[in-house]
Amino acid sequence: MSVDESQERRAGSSPDRPRSPASPTGHLDGQWEGLAEQARALADGRVTATALVQRSLDRIEVTQDTVNAFRRVRAEAALAEAAEADRRLADGERAPLLGVPVAVKDDTDVAGEPTAFGCAGVFPPKQHDAEVVRRLRAAGAVIVGKTNACELGQWPFTEGPAFGDTRNPWNLAHTPGGSSGGSAAAVAAGLVPAALGTDGAGSVRIPAAWSHLVGIKPQRGRISTWPDPEAFQGITGIGPLARTVEDAALLLDVASGNHAGDLHRPPAIAAHEAAGRDPGRLRIALSWQAAATFTRKPLHPDVRAAVTAVARTLAGLGHFVEEAEPDYGLVGLAFVPRATAGVGEWAARVPDPRLLDRRTREAARLGRLLGGPLLRGARAAERRQQRRIGALFGRYDVLLTPTTATPPPRVGTLARLSGWQTDKAMIAACPYAWPWNVLGWPGISVPAGFSAEGLPLGAQLLGPAHGEPQLISLAAQLQDALRWHERRPDPQPAPAAGLSPGDR
């Protein structure tokens, strides 16, 4: 493996944070059990759904003034659903997540709740569940609430006048990322064992990296986006966030499937099964080069060190790893029309467009200008881009890159910039994730350690079409080697050093 020898050190040598002790009796007595563990405990009768959901609601209440992960909390409805789950369990019924509390991002419809997607204003409650929520309910999950997202999912931070600032449980002065920052913060803080986010330019993978989580962007269409046949002109998909690969894979299996109206219907996979399977010996390309954007995007040395360490771990596990770069071409020319058209489509649903951020109005206006022939051309170019970038997978099985170029920024760093300044700062921090949204292919962000300041960092495993099982198997093998799930933030998040009362 050709890597810079000066980067041999592992990022993140700071001591472990406090964590909940294991129960000697086997009962659940902490906040850190995973999705699969809670499901098994419920099925075995070691805990009740009511107890788990109440604990989740209590944790949400305790942390809402600091972490601020949730836009909507369904306390009364969730407890009623938990009681019903307990009745079904007592009657001997079993389902994959029967009685387990989970959360969804506030761009996903839950019957009886508004879908504001980070926007200010009064939104009417939805009459029907989104297809993915219907599937969660069919598996027995209890939706405790809807998590915060930045306005229409445009930025890698989760802040806005409609709901305040969502903060990183590892350091409250910093962002957990975005746009699925509320889901990431909820899982990282132990409020729920797993949550769903959406990923249109890295919006699951970026907060996964910056919150020390596993985040999966599945193949386009793997999880239905209905009532939209596709989201953001096909670049956005729904994906899980969890502390372990097993939990992320389980949630992916439960959430996967299609509605008759979906435009994209990939063949089914068995994600949870893949998490328990050896990946075999793989050929892995380590890439540092981001796709062309004609803006500066230097790689932070702590990120390079962390991803280099992951590459060395993979080589030590028997995989062939070498530096190689995909031919991205000018893939960004296809991304911008699709992304801005998607912003425009969502902005048209807002009850009062005057309340939108000026940057949102600018993006929607650009989307209208780039619509029509330019948008059709951007979509038509996808097959050529898949062939050009996908040529890498003739020589390699997996592409390894940083998930982000920097550690998580401080809260407020991007919030008050102009549109162009925001775009430049966003590209500089997060240049690695978005090309896979254009291609529609799967990717996973896994924890890669910590910066010198103790901030979480991530590495990205990218694959070709329908490649989730291989990526999941490899990520699970990495987890066994690196044991990232054993590190947790403070059980009771408190304001970080140097955070003024006005920043809380």
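Since we're looking at a predicted model, the values are computed, not measured.
- Within a 6.0 Å radius of CZ in R416, other residues, nucleotides and ligands contribute 12 heavy atoms or fewer.
- One N or O on the side chain of D247 and one on the backbone of L35 form a donor-acceptor pair closer than 3.5 Å.
- Rounded to the nearest 0.5 angstrom, K424 NZ and Q421 CD are separated by 6.5 Å.
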(Q) Could you go through E84 and R88, starting from their C-alpha distance and side-chain angles, then the distance that decides it, and tell me whether this counts as salt bridge (charged side-chain N to carboxylate O under 4.0 Å, His left out)? (A) CA-CA 6 Å; E84 175 64 13; R88 292 166 62 188; 5.1 Å; no

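- In this model, no donor atom of one side chain and acceptor atom of the other lie less than 3.5 Å apart for K105 and S183.
- More than 12 heavy-atom neighbours from other residues, nucleotides or ligands sit within 6.0 angstrom of CZ on R483.
- Under the salt bridge (Lys or Arg N to Asp or Glu O under 4.0 Å) test applied with K146, the options D106, D129, D109 reduce to a single match, D106.
- Between R222 and E468 there is a salt bridge, since a side-chain N of the basic residue sits under 4.0 Å from a carboxylate O of the acidic one.
- Under a cutoff of 6.0 Å and an axis angle of 45°, R349 and F117 do not form a cation-pi pair.
- Formation of a donor-acceptor pair under 3.5 Å by the R94 side chain with backbone atoms of A43 is found in this model.
- Judged purely by atom type and a 3.5 angstrom limit, T63 has no side-chain atom pairing as donor or acceptor with the backbone of V67.
- Heavy-atom contacts from other residues, nucleotides or ligands closer than 6.0 Å to CD of Q64 number more than 12.
- Of the candidates T115, T147, T198, D107 forms a side chain to side chain donor-acceptor pair (under 3.5 Å) with just one, namely T198.
- Interatomic distance, OG of S211 versus CG of L455, reported as 10.5 Å (0.5 Å rounding).
- Without hydrogens or angle criteria, N148 side chain to N68 main chain gives a donor-acceptor distance under 3.5 Å.
- No donor-acceptor pair closer than 3.5 Å links the side chain of E246 to the backbone N or O of A275.
- With sequence neighbours excluded, the residues satisfying side chain to side chain contact (heavy atoms under 4.5 Å, CB included) with A49 are L42, A82, A85, D86.
- Looking at D199 and N437, their side chains do bring a donor and an acceptor atom within 3.5 Å of each other.
- Residues R137 and E81 are paired through a salt bridge, judged by an N-O separation under 4.0 Å between the basic side chain and the carboxylate.
- Note that SG of C119 is 4.5 Å distant from CD of E151, once rounded to the nearest 0.5 Å.
- One distance of note links CD1 of I206 with NZ of K217; it measures 12.5 Å at 0.5 Å rounding.
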Ignoring hydrogens and angles, write down the donor-acceptor pairs under 3.5 Å from the side chains of residues 248-255, residues two or more places apart or on other chains.
unit_1: D253; atom_1: OD1; unit_2: A271; atom_2: N; d: 2.9
unit_1: D253; atom_1: OD2; unit_2: A271; atom_2: N; d: 3.3
unit_1: D253; atom_1: OD2; unit_2: H272; atom_2: N; d: 2.8

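- Look at R358 and E362 and you find no salt bridge, because none of the NZ, NE, NH1 or NH2 atoms lies under 4.0 Å from a carboxylate O.
- At least one donor-acceptor pair under 3.5 Å links the side chain of T158 to the backbone N or O of G177.
- At least one cation-pi condition fails for R205 and W436: the charged atom is not both under 6.0 angstrom from the six-membered ring centre and inside a 45 degree cone around its axis.
- A salt bridge does not link R243 with E37: every distance from a Lys NZ or Arg NE/NH1/NH2 to an Asp or Glu carboxylate oxygen is 4.0 Å or more.
- The backbone N or O of G221 lies less than 3.5 Å from a partner atom in the side chain of N258, making a donor-acceptor pair.
- Residues that satisfy the side chain to side chain contact (heavy atoms under 4.5 Å, CB included) test with A78, not counting sequence neighbours, are V53, V142, V144.
- When atom types are taken as modelled, the side chain of S473 and the backbone of A274 share a donor-acceptor pair closer than 3.5 angstrom.
- Side-chain contact check for Q479 and T244: no donor-acceptor pair (N or O, by modelled atom type) lies under 3.5 Å.
- Between the side chains of T422 and W155, not a single donor N or O lies within less than 3.5 Å of an accepting N or O.
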